[in-house]
Amino acid sequence: MTTLSKTLIAAAAFAAVATTAFSQVPWEFNPGMAYMYAGPGKMSAMAMASTPKNHDAMMKNAKKVPNNTVFFMDKGQLYSTSGMLDPTGNFYLP
């Protein structure tokens, strides 16, 4: 096996482990940032304009996300439901 092949296999293994570890980290939403879902596979984040006019425009139709809201994908669509996930990923109602 060539050195290049060994390197590619090691990189793929590391990426698989890193992806699994990353998925277990909670989302971190930061002040001043906006996160947008624009359809299957289309997520983006960008800094918001910090003007009062922009803030008022966004808040006009904003809805607070209730506690214990679970977001998930199914057949390429983003969904949310009320409930919780246990440490093994099983859904339940509190």
Side-chain angles (χ1 to χ4, degrees):
M1 194 179 288
T2 68
T3 303
L4 179 60
S5 296
K6 289 178 185 177
T7 303
L8 290 174
I9 291 170
F14 176 75
V17 170
T19 301
T20 302
F22 178 74
S23 67
Q24 295 174 8
V25 175
W27 289 353
E28 184 176 321
F29 287 87
N30 296 308
M33 293 294 294
Y35 304 88
M36 188 173 82
Y37 173 74
K42 296 178 184 172
M43 292 288 295
S44 62
M46 68 180 337
M48 294 185 299
S50 60
T51 64
K53 183 179 178 181
N54 184 61
H55 180 266
D56 292 345
M58 288 185 69
M59 292 303 291
K60 185 176 180 179
N61 294 309
K63 295 173 183 68
K64 185 178 176 185
V65 176
N67 292 345
N68 301 324
T69 299
V70 177
F71 296 94
F72 62 97
M73 297 289 295
D74 183 48
K75 298 179 185 146
Q77 295 295 310
L78 180 64
Y79 290 89
S80 68
T81 188
S82 296
M84 297 183 72
L85 297 174
D86 69 16
T88 63
N90 289 305
F91 177 78
Y92 69 95
L93 296 173

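Two different hydrophobic clusters hold Met36 and Met43 under the rule that ILVMFWY side chains link at heavy-atom gaps under 4.5 Å.
Smallest separation of non-hydrogen atoms from Ala34 and Met48: CB-CG, 3.4 Å. Of all the heavy atoms in Pro40 and Gln77, the pair that sits closest is CG-NE2, 4.0 Å. The heavy-atom pair separating Gly83 from Leu93 by the smallest distance is CA-CD2, 4.1 Å.
Atom-to-atom distance recorded for Thr69:OG1 and Asn67:CG is 7.5 Å, nearest 0.5 angstrom.
Listed by first and then second residue, the ring-ring contact (aromatic ring centres under 6.0 Å, His included) pairs that reach into residues 72-94 are Phe72-Tyr79, sequence neighbours excluded.
Tyr37 meets the ring-ring contact (aromatic ring centres under 6.0 Å, His included) test with no other residue; sequence neighbours excluded.
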